[in-house]
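A quick write-up on the structure given underneath.
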Amino acid sequence: MTVLRSILLFILAAVAEIGGAWLVWQGVREHRGWVWIGAGVIALGLYGFVATLQPDAHFGRILAAYGGVFVAGSLLWGMALDGFRPDRWDIAGAALCLIGVAVIMYAPRPA
């Protein structure tokens, strides 16, 4: 159950961070205004909080692993909301990142 909880927290963190950055992007680059930017800043703050809920207590490990989730999640977000179509190298890179997440977070370690 701890692994499932961790994965769900990574997904929630990705939605908050990638969504927050996308909202800021929309507010600034697409000229949608301060409401979008403000919502993005709030979402980015929520991401920071969600990351603290991971069962592992090591900041460096959590943030390093989350980097891989961010890579894959960003490609998915771009596909869903911006019409981005990743090529085989994007997909291969994201898969490598997710393998890295699994090794960093879920490899057996001495207690």
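Owing to the predicted nature of the structure, the values given are computational and were not obtained by experimental measurement. Side-chain atoms are counted along with the backbone in the values below, which use heavy atoms only and exclude waters and symmetry mates.
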At their closest point, which heavy atom of Val101 faces which heavy atom of Ala65, and how far apart are they?
CG2-O, 3.0 Å
Ile11 and Val3: same hydrophobic cluster, using ILVMFWY side-chain contacts below 4.5 Å?
yes
I'd like to check the side chain to side chain donor-acceptor pair (under 3.5 Å) partners of Ser6; sequence neighbours left out, ordered by chain and number.
Gln54, Tyr106
Return each pair, listed once, that meets salt bridge (Lys or Arg N to Asp or Glu O under 4.0 Å) where at least one residue sits in residues 34-46; pairs must be two or more places apart or across chains.
none
Sequence-distant partners of Phe10, ring pair (Phe, Tyr, Trp, His ring centres under 6.0 Å), two or more places apart:
none
Could you grab the distance from atom CH2 of Trp89 to atom CG of Leu96, nearest 0.5 Å is fine?
10.5 Å
Pairs in or reaching into residues 16-43: which pass salt bridge (Lys or Arg N to Asp or Glu O under 4.0 Å), with residues at least two apart or in two chains?
none
Which residues pass the ring pair (Phe, Tyr, Trp, His ring centres under 6.0 Å) test with Phe70, sequence neighbours left out?
none
Pairs in or reaching into residues 99-111: which pass salt bridge (Lys or Arg N to Asp or Glu O under 4.0 Å), with residues at least two apart or in two chains?
none
Residues forming a side chain to side chain donor-acceptor pair (under 3.5 Å) with Trp36, sequence neighbours excluded:
none
Sorted by chain and number, sequence neighbours left out, side chain to side chain contact (heavy atoms under 4.5 Å, CB included) with Ala39 holds for Leu23
Kindly give the heavy-atom pair with the smallest separation between Val69 and Leu98, and that separation in Å.
CA-CD2, 4.3 Å
What pairs meet the salt bridge (Lys or Arg N to Asp or Glu O under 4.0 Å) rule with one or both residues in residues 57-68, with sequence neighbours excluded?
Asp56-Arg61
Would you give the length of the straight line joining atom CD1 of Ile91 to atom CZ of Arg85, rounded to the nearest 0.5 angstrom?
10.5 Å
Answer with yes or no whether the hydrophobic clustering places Val35 together with Ile42; edges join I, L, V, M, F, W, Y residues whose side-chain heavy atoms lie under 4.5 Å apart.
no
List the residues meeting side chain to side chain contact (heavy atoms under 4.5 Å, CB included) with Leu81, not counting sequence neighbours, and say none if there are none.
Trp22, Trp77
Hydrophobic cluster mates of Trp25, side-chain heavy atoms under 4.5 angstrom, ILVMFWY only, any path?
none
So if you build clusters from Ile, Leu, Val, Met, Phe, Trp, Tyr with side-chain heavy-atom gaps below 4.5 Å, do Val71 and Ile7 land together?
no
What's in the same ILVMFWY side-chain cluster as Leu46, cut-off under 4.5 Å, chained through other members?
Leu9, Leu12, Phe49, Val50, Leu53
Give a yes or no on whether Ile62 and Ile18 share a hydrophobic cluster (residues Ile, Leu, Val, Met, Phe, Trp, Tyr; joining criterion: side-chain heavy atoms under 4.5 Å apart).
yes
Where Thr2 and Pro55 come nearest, the two heavy atoms and their spacing:
CG2-CG, 3.6 Å
